[in-house]
Amino acid sequence: MIKSLLGGLAGVATVAFLSSTAMAAGPKVVTGPAADAGCFTPWAADTQFFQYPAKKGPFRIALANGYIANTWRIQMIQTAKAYAEQPDVKARLKEFKVVSTGEDVPAQISAINNFIDSGYDAIVVNAQNPTAFGPVIKRAKDAGVILVAFDNILDTKDSINVNVDQKGLGELWAKWLVKNVPDGGKILEVRGVAGTSVDTDRHNGIHEVLDASGKKWQVTEVAGKWDDSVAQKVTADAIATNGPFVGITGQGGDTGIVQAMMDAKHPFVPFGGETENGFRKFCATHAKDGLKCSSAGTGPAQVAVAIKTAITALEGQVVPQSVKLPLAIVEDPNFKKDQDFFPDQSDNFFVGNSFPTCGINFTAQEIMGQTKENQ
């Protein structure tokens, strides 16, 4: 009798263990399309589609951000909070937590581990390093926690990535320089945060196009960290030591880059840069003086797409493993006031901070009404 009972309990335990393991094994790979095909565009023709076991909401979702010391990241945090407060989203969230850990990769990994241990349903992450997160990705998968990386994504097929074509963005800027600088020459490349996938991919795109152009280029590289004040200082130093330049490309902090040019009385030259409002103001005002700009990127609202992806996946709906977002592009001579740049808004405000195909739109007031602090 006792032996039989013990055997029965062992059988129940085995079934429970197997059931738990199956649930924690990650999503099913299914055929597309995605639940919201207009929003969740697969990265490529061979992108897999995931379907996670449906959970009952409302959900606990965390944002694990790394670097915070520039305008884009601050606006991204504000946008995430604003999105979580929108009525339809708020109704599906039990808790929305935000933590920024700086450039310390182990600290960001520790934050994600803490969220897993605390039982969060999904974690959205802007990763400081694309390859350092292997163990924590496995922990999330084993625990049944959905991990969605955006902007600086993760080099894995075991989580969801949401991003623009960052290498393609670098290629776009370099093509602008090739087109508008007929004889090649000295170029200033103001890079982002070292070690991140965004900085690496954009840099590689720039150099592949320049190298294939048949023109001779001398490229001076500096690290502007996507920040106006840092980019302004390193640009001023580069102009003083290596200038003048026949073209410039900047991954961010572009308002500061142009200001450094003006302070040094450096001639205006063709420029491939991001989507800061101040940069676009300069591009529109000084185009006639030689500042011929290609302004392209993706707004901080991609964090809202990442949160939307997490919620959709938690509800058991089909999503691509890798989601491709559109770029916001404006090039000279097409900068239009109150459409592509806003004279009355802050220079630091990133223009194009919406994804209409995802139903994601924000006013400046919604975003600026939020703080950058952890919550």
Side-chain angles (χ1 to χ4, degrees), residues 27 34-41 50-66 68 71-101 111-112 114-126 140 143-151 159-163 298-320 323 325 345 349-350 352-375:
D36 186 345
C39 177
F40 303 130
T41 302
F50 285 173
Q51 186 172 30
Y52 291 83
K55 290 187 176 182
K56 185 177 180 180
F59 307 112
R60 299 175 70 212
I61 295 179
L63 167 59
N65 179 52
I68 186 62
T71 301
W72 195 98
R73 290 295 182 103
I74 292 169
Q75 189 175 328
M76 180 272 289
I77 295 293
Q78 293 172 312
T79 301
K81 292 180 178 180
Y83 184 65
E85 287 296 317
Q86 292 186 346
D88 181 56
V89 179
K90 190 172 184 177
R92 296 153 84 183
L93 294 177
K94 181 178 181 180
E95 182 183 359
F96 181 63
K97 184 80 171 177
V98 177
V99 170
S100 295
T101 52
I112 296 171
N114 288 339
F115 287 135
I116 294 170
D117 292 339
S118 298
Y120 279 79
D121 298 301
I123 303 167
V124 175
V125 57
N126 195 332
V145 177
I146 295 175
L147 198 60
V148 181
F150 70 99
D151 188 36
S159 66
I160 301 171
N161 285 325
V162 175
N163 206 1
T298 182
Q302 61 178 285
V303 68
V305 181
I307 297 168
K308 179 183 175 76
T309 305
I311 293 172
T312 302
L314 285 167
E315 292 175 337
Q317 301 185 65
V318 176
V319 295
V323 177
L325 299 176
Q345 294 291 340
F349 185 76
F350 277 80
N353 195 35
S354 64
F355 292 96
T357 57
C358 295
I360 292 173
N361 296 281
F362 298 97
T363 65
Q365 291 74 19
E366 277 184 282
I367 295 168
M368 297 310 173
Q370 301 291 334
T371 71
K372 67 177 183 178
E373 310 303 329
N374 293 344
Q375 72 173 27

Using modelled atom types only, decide if a donor and an acceptor are shared between the side chain of Gln51 and the backbone of Gly316 within a distance under 3.5 Å.
-> yes

Quick one: does Gln75's side chain have a donor or acceptor within less than 3.5 Å of a partner on Phe349's backbone?
-> no

Under a 4.5 Å cut-off applied to non-hydrogen side-chain atoms, are [X] and [Y] in contact?
X      : Y      : value
Asn361 : Pro356 : yes
Asp151 : Val303 : no
Phe115 : Val145 : no
Phe59  : Ile146 : no
Phe150 : Val323 : no
Ile360 : Tyr83  : yes
Glu315 : Ile311 : yes

State, to 0.1 Å, how close [X] and [Y] come at their nearest heavy-atom pair, and which atoms those are.
X      : Y      : value
Asn353 : Gly299 : OD1-C, 3.3 Å
Val99  : Asn374 : CA-OD1, 3.4 Å
Ala306 : Val162 : CA-CG2, 4.3 Å
Ala301 : Phe355 : C-CE1, 3.6 Å
Gln370 : Ala82  : CG-N, 3.8 Å
Val305 : Cys39  : CG1-SG, 4.3 Å

Can you tell me how far the [atom1] atom of [X] sits from the [atom2] atom of [Y], to the nearest 0.5 Å?
X      : Y      : atom1 : atom2 : result
Thr312 : Ile307 : OG1   : CD1   : 11.5 Å
Ile74  : Ile367 : CD1   : CD1   : 13.0 Å
Thr371 : Ile77  : OG1   : CD1   : 9.0 Å
Tyr120 : Ile112 : OH    : CD1   : 13.5 Å
Met76  : Gln302 : CE    : CD    : 8.5 Å
Leu147 : Ile116 : CG    : CD1   : 7.0 Å

State which residues pass side chain to side chain donor-acceptor pair (under 3.5 Å) with [X]; sequence neighbours excluded, sorted by chain then number.
X      : result
Asp117 : Arg139
Ser100 : Asn65
Asn163 : Gln166

Identify, with sequence neighbours excluded, every residue that meets ring-ring contact (aromatic ring centres under 6.0 Å, His included) alongside Phe40.
-> none

Write out all pairs satisfying salt bridge (charged side-chain N to carboxylate O under 4.0 Å, His left out) with one or both partners inside residues 74-90, taking only residues at least two apart or from two chains.
-> Glu85-Lys90, Asp88-Arg92

Going by the salt bridge (charged side-chain N to carboxylate O under 4.0 Å, His left out) test, which pairs reach into residues 51-63, not counting sequence neighbours?
-> Lys55-Asp121, Arg60-Glu95

